[in-house]
Amino acid sequence: MTQPPITVLIADDQDLVRTGFALVVNSAPDMRVLATAATGKEAVALAAEHCPDVILMDIRMPDTDGIIATRTILAAPGPTPKIVALTTYDTDDYATRILNAGASGYLLKDATAEGLTAAIRTVHRGGSVIAPSTTRRLVGGHASSPSIRDTTAAVGFTARERDVFDLIVAGASNAEIAQRLHLAEVTVKTHVGRVLAKLGVRDRVNIVIWAYRNGVVR
């Protein structure tokens, strides 16, 4: 049975950028653009109206910026979209603020068309994406933090939780983890929740950052 396309909302204050992203997304056979917004306020309204699967969110926009728009959209009742921040400005402050607001990804606008569509697919299936340069700085910038001396052994993972942790870091979705570990997807969700709680982080993006900061992966 054919899967329905991944629906996308594009929010950016530059018309040419919106048009370019829309061309890239609509050229992919498994996704389509539902609407575009020129401000954060429009993004919030259109997200409520169209219920997209994924939102490409510019950070610096007039009216309401992408960080506030992200927080507002994810706090609203109803289906929760995945949000990928797209920005020209590769700064730790922007990355930290929008990831803390709940975004599942952070990419620069110089990403390739293939990289953009791959990111949409990744967050749609429950994964996370962060620009490599941003990941390196976020990790390196906390290299002296005492919390980094923690290891997965000190966290107290069970063997199954460690398996789930490893697959999350590798970018696997809950469905892919379930298939790999021969578990029901609802069981995987339970393990993911326990991993988040034991690490003291709020989402999968921060699981990946934690893994890099603690030397679990490099």
Side-chain angles (χ1 to χ4, degrees), residues 3 6 30 53-55 70-71 74-75 79-85 90 92 94-108 111 114-218:
Q3 294 293 321
I6 302 169
D30 58 339
D53 296 318
V54 177
I55 300 175
T70 293
R71 189 176 293 114
L74 296 181
T80 303
K82 303 296 184 180
I83 296 179
V84 177
D90 188 14
D92 295 347
Y94 281 147
T96 301
R97 289 170 63 198
I98 201 156
L99 291 174
N100 285 339
S104 298
Y106 181 90
L107 294 179
L108 303 183
E114 293 78 8
L116 180 61
T117 53
I120 291 171
R121 295 184 186 102
T122 296
V123 300
H124 180 250
R125 69 173 188 257
S128 58
V129 289
I130 308 177
S133 61
T134 306
T135 300
R136 285 193 295 271
R137 285 202 322 279
L138 288 176
V139 173
H142 293 78
S144 60
S145 170
S147 66
I148 315 201
R149 292 194 290 269
D150 292 342
T151 66
T152 51
V155 168
F157 285 152
T158 64
R160 183 58 81 198
E161 289 165 357
R162 177 56 199 252
D163 291 339
V164 170
F165 169 87
D166 289 341
L167 289 170
I168 290 172
V169 173
S173 66
N174 284 358
E176 291 165 336
I177 294 172
Q179 184 177 25
R180 288 281 298 276
L181 299 181
H182 307 290
L183 297 172
E185 196 165 341
V186 65
T187 303
V188 172
K189 289 180 180 178
T190 299
H191 287 310
V192 171
R194 289 172 179 165
V195 169
L196 290 169
K198 288 184 177 181
L199 294 181
V201 299
R202 58 173 290 169
D203 54 35
R204 301 168 83 101
V205 171
N206 284 289
I207 290 176
V208 176
I209 292 174
W210 189 98
Y212 276 93
R213 287 179 180 172
N214 289 273
V216 178
V217 293
R218 297 188 182 279

Do Leu74 and Arg71 pass the side-chain contact (heavy atoms from CB on, under 4.5 Å) test, and can you show the C-alpha distance, the side-chain angles, and the key distance before you say yes or no?
CA-CA 5 Å; Leu74 296 181; Arg71 189 176 293 114; over 6 Å; no
When you look at Lys189 and Asn174, which way does the side-chain contact (heavy atoms from CB on, under 4.5 Å) test go after all the steps?
CA-CA 7 Å; Lys189 289 180 180 178; Asn174 284 358; 3.4 Å; yes
Determine whether Leu181 and Leu167 satisfy the following criterion, side-chain contact (heavy atoms from CB on, under 4.5 Å), listing intermediate values before the conclusion.
CA-CA 10 Å; Leu181 299 181; Leu167 289 170; 3.8 Å; yes
Apply side-chain contact (heavy atoms from CB on, under 4.5 Å) to residues Lys82 and Asp53 and explain how you reach the verdict.
CA-CA 6 Å; Lys82 303 296 184 180; Asp53 296 318; over 6 Å; no
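Looking only at side-chain heavy atoms (C-beta outward), Val195 and Phe157 come within less than 4.5 Å of each other. Counting heavy atoms from C-beta outward, Phe165 and Leu199 have side chains that approach closer than 4.5 Å. Counting only heavy atoms from C-beta outward, the side chains of Val129 and Tyr106 never approach each other to under 4.5 Å.
Of all non-hydrogen atoms in Ala178 and Ala184, the two that sit nearest each other are CB-C, 4.3 Å. In terms of heavy-atom proximity, Thr117 sits nearest to Glu114 at OG1-O, 3.2 Å.
The only option from Ile55, Leu99, Val123 that meets the side-chain contact (heavy atoms from CB on, under 4.5 Å) definition with Ile83 turns out to be Ile55.
Taking CD1 of Ile207 as the start and CG of Leu196 as the end, the distance is 4.0 Å to the nearest 0.5 Å. Separation of atoms CG (Asp163) and CZ (Arg180) is listed at 9.5 Å; rounding is to 0.5 Å. Here the straight-line distance linking atom OG1 of Thr190 with atom CD of Glu185 works out to 11.0 Å at 0.5 Å rounding. How far CZ of Arg160 is from NE2 of His191: 6.5 Å, rounded to the nearest 0.5 Å.
Side chain of Gln179 to main chain of Glu176: no donor-acceptor pair is present (N/O by atom type, distance under 3.5 Å, no hydrogens or angles). Using modelled atom types, no side-chain atom of Thr187 and backbone atom of Leu183 make a donor-acceptor pair closer than 3.5 Å.
The pair Arg121-Asp30 meets the salt-bridge criterion, since a charged nitrogen lies less than 4.0 angstrom from a carboxylate oxygen.
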